[in-house]
Number of protein chains: 2
Amino acid sequence: MPDLSCLSPAELEGQLHQVQKHYDHYVAMGLDLNMARGKPCPDQLDLSREMLNLPLGELLGSEEFSYDWANYGMGLGLPEARRLMASILDADPKTTLVGGCASLNLMYDTLAYCWMFGTQGHKPWCQLDTVKWICLTPGYDRHFAMLEAFGIQMISVPLLADGPDMDAVENLVSEDVSIKGIWCVPYYSNPSGTCYSLDAAQRLATMPCAAEDFRIFWDNAYAVHHLYAEDEVTPCPNILDLCEKAGNPNRAYVFSSTSKISFAQAGISALATSKDNFDEITKHQAVQTIGFDKINQLRHVLFFKNKEGIDRHMRRHAEILRPKFELVIQKLEAGLSDQSTYGPLGSWTRPSGGYFIHFESLPGCAQRIVELAKQAGVVLTQAGATHPYGRDPRDSAIRIAPSYPSCADLEQAMDVFICCVRYASLEQEYLRRKVAKDTQA
Amino acid sequence: MPDLSCLSPAELEGQLHQVQKHYDHYVAMGLDLNMARGKPCPDQLDLSREMLNLPLGELLGSEEFSYDWANYGMGLGLPEARRLMASILDADPKTTLVGGCASLNLMYDTLAYCWMFGTQGHKPWCQLDTVKWICLTPGYDRHFAMLEAFGIQMISVPLLADGPDMDAVENLVSEDVSIKGIWCVPYYSNPSGTCYSLDAAQRLATMPCAAEDFRIFWDNAYAVHHLYAEDEVTPCPNILDLCEKAGNPNRAYVFSSTSKISFAQAGISALATSKDNFDEITKHQAVQTIGFDKINQLRHVLFFKNKEGIDRHMRRHAEILRPKFELVIQKLEAGLSDQSTYGPLGSWTRPSGGYFIHFESLPGCAQRIVELAKQAGVVLTQAGATHPYGRDPRDSAIRIAPSYPSCADLEQAMDVFICCVRYASLEQEYLRRKVAKDTQA
């Protein structure tokens, strides 16, 4: 396959000059576009508008609804809300609790409980000299930030096309007792869109772990976030069932939320786990808080009714998101995949769900691309954010979040992005040759 | 003053027999009444009914309101909500954040941050051999439960009529470096209804502490919960200002919520503190969560508008609660204060705000009273709950929560309660004499 090294010096300088002119033109436009975070767009929020118009006051004290949902009590959530969230996760409502608006908060608190108090009789993690964690890369920056805050050592393991590099994971956890957990986004993974195979999930559930209190933090954030209807038939592996069957019933905590179903930062979250873990967590939680907002839970129950209601709603989200994802892919293919004079300047995922497209530039270019884009008014997720400590050893990973901008803005943002990728790639080749020449001289 | 020892043996047996008959009559009624928790009654919830009918969907995307309140962002809360909550606490909105529905959750998290990470450069409390805490008694059981969960040693100090026994507090904190904090409910304290004097607050702010990272957890849960309009003019001492002026700016964390203003478990909470503490806490919080429900914050802002709106609303709460408090006091006075043949069988507070009346039985009777009441269908807060580890050394403290039952139910519940107090008191005197006699024989 051809690459930039095939360009003659004159060709390279010519191309670089041309792309610089192109780039300067974008800078002069003073754009203000954002593809940084997986943020729903206004059209998506409109889908749940009627949830906010439900006159819940009319139900207060009615025969069917009483006053209980607007008063203290039911700390684990409204039974109907627990059923609804359990249905998304294919979990047992009896061991599913409903939390506040952020599942991240449930993850943090679950980790903090292990840290401060230990789990299932094991030593609190804060009392150990070293705690390590497996971080699949590319992965979710907020997961990594949490571990960094706790001083937990992060070990990078590649996320492959159908899940974690399980050979690597198995080797690590079988030997190192200080490895206490792994982050997994098993379905339409952030940022690659990867869906774990049943085989990968099975190996996670069954693998021997040196640490008896090894935990899988299964962040099923995109459980129902299909872009294509036909994908709904391939559900996420049920890690709780697999762990139970493997004789490791307490190995997994499962999380989800409606942040990208109803309203970002105003949805409801859920945690599902084994009976023993559930009892342990709810015991801690009963000390930590009075409970979570059941009025908002009722709002969700009345609006969505059941899993079918959520699936219907998600198809409307998909109608908004699909064209954006397709636009990004199309732009990348047209702009970067097969230049006439040199090979592709990167690779990218083609997810069928979730919120992100993962782009890999030529090694050493990602930071420069993000910096160039920023100067041209297009904000991307920070380069390296997809890796522990914000350090991508290849400096090539860039997360693209197409949900928030309008299609028109997205088109423009992608044109800028592609220009920046070309610029950074050509510039790097140019500088590489210059250094080589200077060294020779 | 006369007491039970003045009764002749025949009088005592006669009275005991009579009260037993009376009690049996209540048991036979199969009552189901609850004075256990500070839970708003349906009439109180009705006051905020219209908040739930606000058609917020109509505002989504409008020129004035945009979409931002229904999407990610503003992790510290809607600016308008921060202003509203700061106005309740007489704090600076810039160092006030708005949390989820439970201020208890903010307290726990603030304690957990100190525990796991330390505060202002000091050692994490989890790394210390011993951490101790001053617990004013009678106090709030959930505060104590939190300390117990962390394994923090609780030191009881009496709460006097105008605040903590400051001589005792000053002595303790000046000498013991392992004492890291104190719980305070400074206004209409749970359960005694005590309001701290300015002098007590000033001493808390200025007292020399052996632990540089000593912290006041100032749970101002009842900041606007007056029963009598004239009390609104005597506000709670501003502990943040006092600490600042005393040169101990980081000493206090202030908490509150609208749990007993709007909806229990579905209101909004707030934390106010110094600039340095605020920066530290919000740094941790940005890792712990995405943020809290701004839609519910907007609902509160639109419904209450400002401090005046809240005060107006609280006067309506007072109209519902005042008769209940007065009924309890009146029943206690009529039933227990001055029997014809023996002196008072307990003492009680006469709070002018908050949610509780604190009752002190004759020593050694509280557990028996609560047990008797339960058997007669009246649930009270567990005896001892007002003390660390649930252990009241005098076995005399009982918290009465008059808010939830209707006046008719409350009247009946108080009749039962008074009967149980008489029963337990006479029974104890009877048993005491019997033991004395048996020992003599």
Side-chain angles (χ1 to χ4, degrees), chain A residues 37-42 45-46 48-61 66-67 69-75 100-102 104-105 108-109 112 115-117 124 126-127 142 145-146 148-150 259 263-267 284 286-296 404, chain B residues 37-42 45-46 48-61 66-67 69-75 100-102 104-105 108-109 112 115-117 124 126-127 142 145-146 148-150 259 263-267 284 286-296 404:
Chain A
R37 304 297 315 179
K39 196 171 164 176
C41 66
L45 300 180
D46 281 339
S48 302
R49 179 188 291 270
E50 287 312 314
M51 188 195 291
L52 300 184
N53 286 334
L54 290 174
L56 258 59
E58 305 299 322
L59 310 180
L60 196 64
S66 84
Y67 281 94
W69 52 276
N71 213 330
Y72 290 123
M74 292 180 274
C101 63
L104 193 76
N105 209 149
Y108 184 98
D109 290 350
W115 189 258
M116 298 190 292
F117 309 120
C126 70
Q127 291 174 14
R142 287 186 183 271
M146 208 181 282
E148 200 170 350
F150 282 89
S259 294
F263 292 105
Q265 215 169 302
H284 293 311
V287 176
Q288 183 175 23
T289 187
I290 303 282
F292 298 100
D293 182 349
K294 297 194 301 296
I295 297 184
N296 202 31
Y404 191 73
Chain B
R37 305 297 314 179
K39 197 171 161 174
C41 66
L45 300 179
D46 282 338
S48 301
R49 179 188 291 271
E50 286 312 313
M51 188 196 290
L52 300 183
N53 286 333
L54 290 174
L56 256 59
E58 305 299 322
L59 309 181
L60 196 63
S66 84
Y67 281 94
W69 53 276
N71 213 331
Y72 290 124
M74 293 179 274
C101 62
L104 194 76
N105 208 148
Y108 185 99
D109 290 350
W115 189 258
M116 299 190 291
F117 310 119
C126 71
Q127 291 174 15
R142 287 186 183 272
M146 207 180 281
E148 199 169 352
F150 282 87
S259 294
F263 292 105
Q265 213 168 304
H284 293 310
V287 176
Q288 182 176 22
T289 188
I290 303 283
F292 298 100
D293 183 349
K294 297 193 300 295
I295 297 184
N296 202 32
Y404 191 73

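Per chain, numbering begins at 1; letters A, B, ... match sequence-line order. Everything numeric in this text was worked out from a predicted model, so none of it was measured.
- The most heavy-atom pairs under 4.5 Å with chain A, out of G57(B), G75(B), G38(B), come from G57(B).
- Between F117(A) and Y108(B), the shortest heavy-atom distance links the atoms CE1-OH, 3.4 Å.
- Per-residue counts of heavy-atom pairs under 4.5 Å with chain A were compared for P42(B), A102(B), A286(B); the largest is that of P42(B).
- Q288(B) has its side chain out of reach of L104(A): every pair of non-hydrogen atoms, C-beta onward, lies at least 4.5 Å apart.
- Judged purely by distance below 3.5 Å, without hydrogens or angles, the side chains of D293(B) and Q265(A) never pair a donor atom with an acceptor atom.
- With sequence neighbours excluded, the residues that form a side-chain contact (heavy atoms from CB on, under 4.5 Å) with A264(A) are P40(A), N71(B), Y72(B).
- For chain B, no part of M51(A) is nearby; none of its heavy atoms comes within less than 4.5 Å.
- Taking every heavy atom of both residues into account, G291(A) and C101(B) meet most closely at O-SG, 3.2 Å.
- There is no contact between E50(A) and chain B, counting heavy-atom distances below 4.5 Å.
- Taking chain A as the reference chain and counting heavy-atom pairs below 4.5 Å, the highest number among L56(B), I295(B), L60(B) is found for L60(B).
- Looking at D109(B), the atoms closer than 4.5 Å to chain A (heavy atoms on both sides) all sit in the side chain, from C-beta outward.
- Contact between A149(A) and V287(B) at its shortest, heavy atoms only, is CB-CG1, 4.0 Å.
- Partners of Y404(A) by side chain to side chain donor-acceptor pair (under 3.5 Å), not counting sequence neighbours: none found.
- Note that the CZ atom of F263(A) and the OH atom of Y67(B) stand 10.0 Å from one another [nearest 0.5 Å].
- Looking only at side-chain heavy atoms (C-beta outward), R142(A) and I290(B) come within less than 4.5 Å of each other.
- In terms of heavy-atom pairs under 4.5 angstrom with chain B, the leader among S259(A), A70(A), G61(A), A145(A) is A70(A).
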